[in-house]
Amino acid sequence: MDGLRIENLSMVFSLPNGGRIQALKDVSLHLAPGELMSVLGPSGCGKTTLLNIVAGFLAPTAGRVQLNGHEVKGPDAERGMVFQQGALFEWLSVERNVAFGPKMAGKPAAEIRQTVEHLLEVTGLQGFGDKPVYQLSGGMQQRVALARCLANDPDLILMDEPLGALDALTREKMQGLVLRLWKETGKTIVLITHSVEEALFLGERLVVMAPRPGRVHKTYELPFADRGLEESPRSIKASQEFIAVREEVLSMIWEMEEEIMGRAGAG
Amino acid sequence: MTDQAQSEGRPETDDGEMAARLSEQGSAGPSGLAVWLGIADNTFTRQKTVKFGDASAVNSGRLYSILTVIALFTLWWLATNLGWVKPIFWPSLGMVGERLGKLISDGFRNFTLWEHVWISVYRVLTGVLLGALVGIPLGFAMGLSSLARGVFDPIVEFMRPIPPLALIPLIILWFGIDETAKISLLFLASLFIMTIAARAGVSSVRISKVHAAYSLGASKLQVLRHVILPNALPEIFTGLRTAMGVCWGTVVAAELVAADRGVGSMIMIAKNFLQTDTVVIGIIIIGLIGYSIELLMRLLESWLIPWKGKA
């Protein structure tokens, strides 16, 4: 078990008008098994491109991605994905959404039922199994998305702003759930988010990316995720230490945004 | 229509909350009949603070529909009984009733009334079924492969705006005026509607759903079967509904041109014998069946694809 290894990854998109955009340049990262890494950056820094390459939806122009020693070539059940919204199958009930992966793999019905039941309980969805997913609130839908991903028991979970569309209160609750699921399952997780607070609270490691071309700007090792289960999330987020890092990262991203705006204004 | 708008426009809330509100307001609310008629606000319209003037923009207005129908029949009765119009232009209610009895007991021109109606419906159903059987796979192929899209696009796009009735002369030249001719016409009328609907359904799938399925371990075939197909069903069903409507109009017109059976031929032949009452009965039957088809399709839709519009 080697974890996730991203080596010298570059991605250039060719535009229809003949132009080229360097979305990623020389990105290298290593994630040990069981680690949770959050990725932050201003829009256009290539974080979603990075995730899509790791998921196997995009092939990089240069560099490679390895998971547990073998190279990533295309999407696979070993790498689960949680999207922001709208990726649930609205024609299926909650439990059938969760059962999707095991069913595609041809697992026996009894085993699937057991997995689904367990996951509905873990994610706080007991009693909602036979509901259509479109009747659930946004927070509940993301619980289904998490359960559906876990049902496949993937080695790596990729989260693309999973809590981005939720209201502030639901978001905090769901952060607690993500943290607890991560601790209980010991999964390796890459979390992309726009929220600095969320990135700091959940990430053992934080990667701040810079735009044009998308690259790793700075990496932090953070203590907050480890304390997240014992201490109350509110007190962690209100602590001097947390606020200090938060302000540092925020002004870093602000500066990048200003630079983009300045360049756009000048050019 | 208003009814539908109400149920679709209802804001999504948690079940408990909704139930609480219903029970709180249901006890002292207006009578069910008044709400059904649209002369009283129901629990939904009452909580709307911004309306077009008042509740009349959201209530059903059924009372007025009922009054309109009564007024039309009264006008009919008056106009024919007081001799405002000659029976040859518009028959009296009594004549129509008498003729309807005769049509039901004796039939019309060697066929019972039931046979005339059934053959028209049968033609539509067969035409739409064949159109769907060919059109849906064709639409899927066009939505999934650039080869199929490239090959069929000019044909489909060219045929789509041509009214099916314009094809009748060719169809008669090729197939004569028997059953094959009519079914072929209806097949063509529904084919392009179904193709375009299926293609639109395939293209409408959100890429995140396809990505989600792949990262859950689905194969290409499984993505097609378990994601793209169910995702396309609402569009396909809308296509079916449109095709049924278009084909019902087309079959009647085709029967007006050449047929010895069917509701369309019935009114055309009746016209030749100046049987205005039979013509009127035929028109009413055509209207009622067209309306029933629409209602039936809506019912099937809410039953088969309850997730429509909820993505």
Side-chain angles (χ1 to χ4, degrees), chain A residues 48 51-52 54-58 72 74-93 96-107 127-128 131-141 144-145 147-154 156-161, chain B residues 7-22 136 140 146 198 201-238 300-311:
Chain A
T48 297
L51 205 70
N52 280 334
V54 176
F57 304 141
L58 277 175
V72 163
D76 190 282
E78 65 176 9
R79 280 160 282 128
M81 186 104 186
V82 180
F83 295 87
Q84 182 176 31
Q85 224 186 9
L88 291 179
F89 306 128
E90 67 268 14
W91 48 89
L92 299 178
S93 64
R96 279 165 181 266
N97 262 281
V98 178
F100 190 87
K103 206 180 151 206
M104 294 302 110
K107 296 256 172 67
F128 287 90
K131 286 246 179 210
V133 284
Y134 56 79
Q135 281 184 4
L136 302 184
S137 64
M140 293 297 247
Q141 289 189 353
V144 180
R148 182 175 72 173
C149 180
L150 287 171
N152 251 9
D153 198 20
L156 173 69
I157 299 181
L158 306 166
M159 300 187 174
D160 190 1
E161 299 205 38
Chain B
S7 61
E8 282 174 4
R10 183 171 295 140
E12 299 266 338
T13 39
D14 288 331
D15 280 354
E17 197 183 317
M18 181 64 97
R21 196 189 306 156
L22 282 178
I136 295 173
F140 264 74
S146 62
V202 170
S203 331
S204 75
V205 67
R206 273 175 92 134
I207 192 67
S208 59
K209 284 194 176 67
V210 175
H211 279 171
Y214 275 127
S215 64
L216 287 167
S219 67
K220 238 180 157 173
L221 210 64
Q222 284 174 325
V223 169
L224 180 63
R225 159 75 187 81
H226 295 285
V227 180
I228 294 178
L229 176 67
N231 187 80
L233 281 181
E235 299 259 11
I236 289 177
F237 213 88
T238 307
L300 272 176
E301 192 174 68
S302 62
W303 180 51
L304 290 174
I305 34 178
W307 68 86
K308 187 179 177 180
K310 307 266 174 60

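What you see is a predicted model; the values in this text were computed from it and never measured. In what follows, every chain begins at residue 1, and chains take the letters A, B, ... in the order their sequences are listed.
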**Prompt:** Where on B:Pro234 is there a heavy atom nearer than 4.5 Å to chain A: the side chain, the backbone, both, or neither?
**Reply:**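 When you check distances to chain A, no heavy atom of B:Pro234 falls under 4.5 Å.
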When the 4.5 angstrom heavy-atom criterion is applied to B:Val210 and chain A, the contacting part is neither
Minimum-distance pair of heavy atoms, taken over all atoms of [X] and [Y]:
X        : Y        : result
A:Ala151 : A:Val98  : CB-O, 3.2 Å
B:Val223 : B:Ala218 : CG2-CB, 3.9 Å
A:Val72  : A:Arg79  : CG1-NH1, 3.3 Å

Does B:Ile207 have more than 12 heavy atoms from other residues, nucleotides or ligands lying within 6.0 Å of its CD1?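 Yes, because the 6.0 Å sphere around CD1 of B:Ile207 holds more than 12 heavy atoms from other groups.
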Salt-bridge present (A:Glu90, B:Arg206; N to O < 4.0 Å):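 No, A:Glu90 and B:Arg206 are not salt-bridged.
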Checklist line | Greatest number of heavy atom pairs closer than 4.5 Å to chain B - which of A:Phe100, A:Phe83, A:Phe57 | finding: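 Of the options given, most contacts go to A:Phe57.
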Of the listed A:Gly101, A:Gly80, A:Pro154, A:Ala87, the one with the largest count of heavy-atom pairs under 4.5 Å with chain B is A:Ala87
Part of [X] lying under 4.5 Å from any heavy atom of chain B:
X        : answer
A:Gln85  : backbone
A:Leu92  : neither
A:Asn152 : side chain

| Hey, does the side chain of A:Gln141 reach the backbone of A:Val133 with a donor-acceptor pair shorter than 3.5 angstrom? |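 Indeed, once roles are kept as given, a pair shorter than 3.5 Å links the two residues.
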